[in-house]
2 protein chains.
Amino acid sequence: MVSGMTESTPTRPAGDATARILTAAEALFAKHGFDAVSMNTIAERASVSKANIFHHFSSKKALYLAVLRVACRDSTQYLQELFVETGTLPERLANFARKQIASMFEHGEVTRLILRELLKDGERQGRDLAEKVFGDNFAQLVEILRTGQARGELRADMDPAMIATLLIGAMVFFFESQEVLRHFPDVKFAHDPKRYSGLVVDILLRGILSDSAVKNLRRAGKNGASSSAQHKE
Amino acid sequence: MVSGMTESTPTRPAGDATARILTAAEALFAKHGFDAVSMNTIAERASVSKANIFHHFSSKKALYLAVLRVACRDSTQYLQELFVETGTLPERLANFARKQIASMFEHGEVTRLILRELLKDGERQGRDLAEKVFGDNFAQLVEILRTGQARGELRADMDPAMIATLLIGAMVFFFESQEVLRHFPDVKFAHDPKRYSGLVVDILLRGILSDSAVKNLRRAGKNGASSSAQHKE
DNA sequence: GATACGACTGACCGACCGGTCAGTCAGTGA
DNA sequence: TCACTGACTGACCGGTCGGTCAGTCGTATC
């Protein structure tokens, strides 16, 4: 069966069975997770016999790792595409956030796959791959913030890694829980990732307090460090 | 099935088999997910025959739902415990964040179980339970913010739901990715949820920009609305 | 003592799991 | 022409899955 025969290659289907297997497996693993997907299901979706999968991949886990490796490679590429920016810190942050969240949604399956791997315990090999991608992303954002700090745009007492965590976390959380947020009547931005990313950056930049409240806050905590959290344990 | 009778039963180990099953299942489901846990494993861990589990719960899915129901009940209770607060908006936010993240780590299994259910697609019944808990939490925080806004502490143009999403997202993300963050050399707060929550609230309140950068920002975007994201697409 | 009942178990079921294997078949090079 | 190769398949493997069932045991009721 198969014999897709797209073009150019004479007799061999060229529509590489391996590629079809990887595509099918990526979609299924991303949606349901490793354990909930059977080799039979993958074979069916890829229009390939189950035995053929084992001809190309030595085991189910090996297939999963291959899928993950492709996803991480793609993801790294997307990441590189969204860099090369200049401008003020606010501009760069807004750009980063907007492009980042757009990329996450655009490549939803890849994102879900990597996040799934990142946020579970155990399994050295897979975690390391996902961690690499995530780490690159994180480092890029930290670099933007460090530059802004050197230029005096970012408050000197701010930890760039802290802000990066907050910003990336806000976007990852939005991606993960968009469906849930949609059900909350108070939430009006659930359908619009771009608007969400803009609002997040806006809050980060300006803070949420009114001018008068800021004055009170400064009067209360004269020491320049953290102003919150001075409560008895 | 399931006789209530938690105590006073004389000879029967009182250590209710049902309770043991639920405890074992909760731990396993939280750690590995529904599909990766077999009834045999649960039975072994609970020191009970597999058939006995089916005597108390009609199916694996029913057991899972029961576990989830208990987790949600507990979680709602924890939530109630951490309310009853007065004070300024900064104080209330810092308190909420600190207690919330502490509660998440303290009841890690329950948290993981609910998040796992919340962030996956499909499965009406389970999602609804988790969504209820999450929604209550969300609503509580929105209420705090609304009160602050009415008092003039919170900037008038800020959307409380937006801030609530950002704050809860920051905490959920930290909980989920603590292990990963620990591996990043730039991150110094990964081991200290309390400090992290304090820093997050601090950023929310004050913003991240230096005073001079704030002035530039205000000059650039005279309209009171969002100051970021005015770039060509 | 007879009876009834709920908690509990070991043996068992069909279905399906990941994985193997012998063999088919088209293309290739000598 | 023919040996060889690699992609590919259907049939099959042992094992585990969720789930069932006949039956044992301890206790409560009459």
Side-chain angles (χ1 to χ4, degrees), chain A residues 1-26 28-29 31-68 122-123 125-126, chain B residues 1-26 28-29 31-68 122-123 125-126:
Chain A
M1 18 220 84
V2 179
S3 77
M5 195 173 308
T6 46
E7 52 199 340
S8 75
T9 37
T11 43
R12 270 290 147 203
D16 219 354
T18 304
R20 288 210 311 283
I21 293 169
L22 282 172
T23 303
E26 178 186 298
L28 290 167
F29 283 143
K31 187 173 258 173
H32 304 107
F34 181 82
D35 294 295
V37 175
S38 77
M39 296 299 267
N40 273 313
T41 309
I42 296 171
E44 205 168 323
R45 175 121 165 198
S47 303
V48 156
S49 72
K50 186 176 69 167
N52 193 17
I53 301 183
F54 285 100
H55 174 68
H56 291 284
F57 303 93
S58 63
S59 68
K60 186 185 180 184
K61 193 158 285 183
L63 170 59
Y64 182 74
L65 279 176
V67 168
L68 203 62
E123 305 297 330
Q125 304 176 80
Chain B
M1 44 210 71
V2 184
S3 66
M5 200 169 304
T6 44
E7 47 199 348
S8 79
T9 37
T11 44
R12 274 287 149 205
D16 221 354
T18 304
R20 286 208 312 282
I21 293 169
L22 283 171
T23 303
E26 177 186 298
L28 290 167
F29 283 142
K31 187 172 258 172
H32 304 106
F34 182 82
D35 293 294
V37 174
S38 75
M39 296 299 266
N40 273 313
T41 309
I42 297 172
E44 203 168 325
R45 176 118 161 200
S47 304
V48 157
S49 72
K50 185 175 69 165
N52 193 18
I53 300 182
F54 285 97
H55 174 69
H56 290 285
F57 303 94
S58 62
S59 68
K60 187 186 181 184
K61 193 158 287 184
L63 169 60
Y64 182 73
L65 279 177
V67 167
L68 203 61
E123 306 297 331
Q125 305 176 77

Close N/O contacts between protein and nucleotides 18-21 of chain C (under 3.5 Å):
residue, atom, partner, partner atom, Å
dG18(C), OP1, Val37(A), O, 3.4
dG18(C), OP1, Lys60(A), NZ, 2.8
dG18(C), OP2, Met39(A), N, 2.8
dG18(C), N7, Lys50(A), NZ, 3.0
dG19(C), OP2, Lys60(A), N, 2.6
dG19(C), N7, Lys50(A), NZ, 3.2
dG19(C), O6, Lys50(A), NZ, 2.8

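- For Asn52(B) and dG10(C), the CG to P distance is 10 Å, given to the nearest whole Å.
- Heavy-atom minimum distance, Ser59(A) versus Phe54(A): CA-CE2, 4.0 Å.
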Q: Dump the intermediate steps for side chain to side chain contact (heavy atoms under 4.5 Å, CB included) on Val67(A) and Phe57(A), then the final yes or no.
A: CA-CA 11 Å; Val67(A) 168; Phe57(A) 303 93; over 6 Å; no

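- Relative orientation of the Phe34(B) and Phe29(B) rings is parallel, given thresholds of 30° and 60° on the angle between their planes.
- Rounded to whole Å, atom C1' of dG19(D) lies 13 Å from atom CG of Leu63(B).
- The rotation axes computed at either terminus of the helix from dG1(C)-dC30(D) to dA30(C)-dT1(D) lie 10° apart, taking five pairs at each end and rounding to 10 degrees.
- Atom-to-atom, CD1 of Ile21(A) to P of dA7(D) comes out at 11 Å; the value is rounded to the nearest Å.
- Of all heavy-atom pairs spanning Val37(B) and Lys60(B), the tightest one is O-NZ, 2.7 Å.
- Rounded to the nearest 0.5 Å, atoms CG (Leu28(A)) and OG1 (Thr23(A)) are 11.0 Å apart.
- Nearest heavy-atom pair, Ala46(B) versus Arg20(B), reported as atom, atom and distance to 0.1 Å: O-NE, 2.9 Å.
- Regarding contacts with the backbone of dG6(D), every side-chain N or O of His56(A) stays at 4.0 angstrom or more from both OP1 and OP2.
- The NE2-P distance, from His55(B) to dG6(C), rounds to 8 Å in whole Å.
- Protein atom CD1 of Ile53(B) is 15 Å distant from nucleotide atom P of dA7(C), rounded to whole Å.
- Atom CG of Asn52(A) and atom CD1 of Ile21(A) lie 5.0 Å apart (nearest 0.5 Å).
- For the pair Phe57(A) CZ and dA7(D) C1', the computed distance is 13 Å after rounding to whole Å.
- Between the OG1 atom in Thr41(B) and the CZ atom in Arg45(B) there is a gap of 10.0 Å [rounded to 0.5 Å].
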